[in-house]
**Q** 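Dropping a structure here in structure tokens format, bear with me for questions.
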Amino acid sequence: MTDKTSNNNPEASAMWGGRFDQGPSEIMEKINASIGFDKRFYAQDIAGSKAHCAMLVSQGIIAKEDGDAIQKGLDQIKGEIEAGQFTFKSSLEDIHMNVESRLKEIVGDAAGRLHTARSRNDQVATDFKLWVRDTLDAVDSGLKGLQAVLISLAESQAHTVMPGFTHLQTAQPVTFGHHMLAYVEMFGRDRSRFIGARKRLNESPLGSAALAGTSFPIDRHQTAEALGFAYPTRNSLDAVSDRDFALEFLSAAAITNIHLSRMAEEIVIWCSSQFGFVRLSDSFSTGSSIMPQKRNPDAAELVRAKAGRVIGNLNSLLVTMKGLPLAYSKDMQDDKEPVFEAADTLGLCIAAMTGMMSEVTVNAGRLKEAAGNGFSTATDIADWCVRVLNMPFRDAHHVTGALVKMAEDKGCLLEELSLEEMQTVEKGITEDVYNVLSVEASAGSRVSYGGTAPENVLQQVAEAKERFLK
Ligand code: ARG
């Protein structure tokens, strides 16, 4: 705020009224105001101002009495906002000017000294980084909670055999625990993307001022440290025009939502009466107003759907940023809504998935029955022929294909073929082949590193607890 707050025309903005005779038109105010959404980072804005004020005092740029008054005023404003007693005004455009204007009402002219050696350009970059940083931490802990639920399901269902699919056609038996751990890996990569984004984000723009830095003897290391940043940013032009942190958050969020939507899709399929693999609890199912038998997986369907929004939020900000010249452009005010929407959506989807999976019932009987359909152990016969009869795999594949065809023609399972019938295809086959034909034997034999065998799953569960839940 400059001292030139009085103006011939009372309509002109108090913040820059010195150069203006007239205030903005109604439409101008409407398109210009961001307070409707950026009030969401009032706490970060006040924290940034407090750090800046303390530094101005310790550098001797403003007087201690003014600094003390400002600090007290800022605390009061925070209290007013949190008590719902603060009136946000769109005529004051954004959170920065709403806070500063109220500060002037509380502490008088000293308030005008707070904006020394800074600009809303470094201020908004700082606030937004602080907000995204808090969000990255919240997402990380949400994903950790989801992983904990999946790891415990993997442990309790390590021996549960189910069909593994490729092309959504029955492929080979796998264990339910193994399937859960696949998602634990995905969410683990997601977490590492959020953690990586946090590390790159953690440099303070504060003190870059409008774009060029400032002539005041500020200490940017002090404000960086006060706000928990690792360092101040090194280039003032970059600092005020960088929104990579928002884009990185959105891309990591979009990938996470894609993982959540794939999982949601599996839940939808698994809940159908045709599959019947799992049952969602009443608290995560809905009924139909007309069909009393229905039990719909609405939460899963909505998690599946919402990935679309987050992908849209990422695209929206990518396109906004594309081609913007250095340094700040007002286009960048439009960075917040996609990030807020994505953060809310992602948080809700993680919570819904965690809720669904912590109460899911696994139908082991149905899973085992389905695991045996579709000649899912055919590969095990081929592997047996290679191992016991020393056949080249391609020949073994051919023999097995003929056995599958025979079973298909007879309308029976592979293990229902008699030894004599099998020997008409390959005379070397012995009784021993039946040992590999059960779905448990099939899954249990896949002990290669990363494979589906229950003993592997239990080992991976132990490692996952160390890697992800510490
Ligand atoms: N409300 C603005 C934003 O969100 C703050 C920065 C405004 N800076 C400016 N030079 N108009 O980006």
Side-chain angles (χ1 to χ4, degrees), residues 1-2 4-5 12-20 23-25 27-49 52 77 81 86 88-103 112 114-135 201 204-214 223 227 233 236-247 249-250 313 316-343:
M1 204 185 285
T2 70
K4 294 193 121 190
T5 44
S13 166
M15 295 295 167
W16 52 72
R19 197 197 179 302
F20 282 67
S25 80
I27 298 296
M28 178 61 206
E29 190 175 302
K30 199 165 176 187
I31 195 170
N32 205 34
S34 54
I35 189 62
F37 47 89
D38 66 17
K39 63 178 167 210
R40 217 167 142 166
F41 48 61
Y42 76 90
Q44 290 79 6
D45 190 72
I46 290 172
S49 288
H52 185 67
I77 292 171
I81 294 175
F86 190 95
F88 292 103
K89 297 186 189 135
S90 63
S91 57
L92 290 168
E93 200 181 316
D94 56 24
I95 185 65
H96 325 295
M97 300 212 288
N98 270 270
V99 169
E100 191 179 327
S101 162
R102 176 73 185 126
L103 188 64
L114 175 60
H115 213 52
T116 313
R118 77 170 186 191
S119 144
R120 282 187 296 152
N121 297 350
D122 58 337
Q123 206 182 344
V124 73
T126 305
D127 293 3
F128 199 21
K129 274 191 168 186
L130 290 172
W131 191 90
V132 171
R133 193 175 72 185
D134 289 345
T135 303
L201 161 154
S204 172
L206 196 57
S208 299
L211 75 165
T214 175
T223 47
L227 295 169
T233 50
S236 61
L237 289 170
D238 177 47
V240 295
S241 54
D242 167 39
R243 292 296 182 271
D244 291 2
F245 60 94
L247 292 172
F249 166 70
L250 287 170
N313 296 140
S316 152
L317 187 57
L318 282 169
V319 177
T320 298
M321 294 307 294
K322 178 195 167 295
L324 285 188
L326 302 188
Y328 177 84
S329 296
K330 190 73 173 210
D331 308 52
M332 288 160 69
Q333 176 166 290
D334 249 19
D335 57 0
K336 292 162 203 70
E337 286 166 294
V339 170
F340 291 156
E341 188 185 17

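These numbers come from the heavy atoms of this one structure, side chains and all, not from hydrogens, waters or symmetry mates. Numbers here simply count residues along the sequence, with the first being 1. Computed from a predicted structure; not experimentally measured. Just so you know, ligand 1 is whichever comes first in the structure, and atom 1 is the first atom listed for that ligand.
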**Q** Distance alone, cut at 3.5 Å: any donor-acceptor contact between the side chains of Gln333 and Asp94?
**A** no

**Q** Quick one: nearest non-hydrogen protein atom to atom 9 (C) of ligand 1, plus distance?
**A** Asn121 OD1, 3.4 Å

**Q** About how many Å separate CH2 of Trp131 and CZ of Arg40, when rounded to the nearest 0.5 Å?
**A** 4.5 Å

**Q** Out of Asp331, Asn32, Asp94, Asp335, whose heavy atom sits nearest atom 5 (C) of ligand 1?
**A** Asp94

**Q** Select one of side chain, backbone, both or neither to describe which atoms of Gln123 lie under 4.0 Å from any atom of ligand 1, heavy atoms only.
**A** neither

**Q** Around atom 7 (C) of ligand 1, find the nearest protein heavy atom and jot down its residue, atom name and distance.
**A** Tyr328 OH, 3.5 Å

**Q** Only counting residues at least two apart or in another chain, list the ones meeting ring pair (Phe, Tyr, Trp, His ring centres under 6.0 Å) with Phe37.
**A** none

**Q** Could you identify the single nearest non-hydrogen protein atom to atom 2 (C) of ligand 1 and state the distance to 0.1 Å?
**A** Gln333 OE1, 3.2 Å

**Q** Which ligand 1 atoms are under 4.0 Å away from a heavy-atom of Ser34?
**A** 1 (N)

**Q** Does Ile31 have more than 12 heavy atoms from other residues, nucleotides or ligands lying within 6.0 Å of its CD1?
**A** no

**Q** Decide whether an N or O pair under 3.5 Å exists between Arg243 and ligand 1.
**A** no

**Q** What atoms of ligand 1 come within less than 4.0 Å of a heavy atom belonging to Lys336?
**A** 3 (C), 4 (O), 12 (O)

**Q** Phe88: what forms a ring pair (Phe, Tyr, Trp, His ring centres under 6.0 Å) with it, not counting sequence neighbours?
**A** Phe86

**Q** Looking only at protein heavy atoms, which one is nearest to atom 11 (N) of ligand 1, and how far off is it?
**A** Arg120 NH2, 3.5 Å

**Q** Using the rule given for side-chain contact (heavy atoms from CB on, under 4.5 Å), can you reason through Leu114 versus Ser49, listing the C-alpha separation, both sets of side-chain angles and the distance that settles it, and then say yes or no?
**A** CA-CA 8 Å; Leu114 175 60; Ser49 288; 4.0 Å; yes

**Q** I need the Asp134 CG to Gln44 CD distance, nearest 0.5 Å.
**A** 5.0 Å

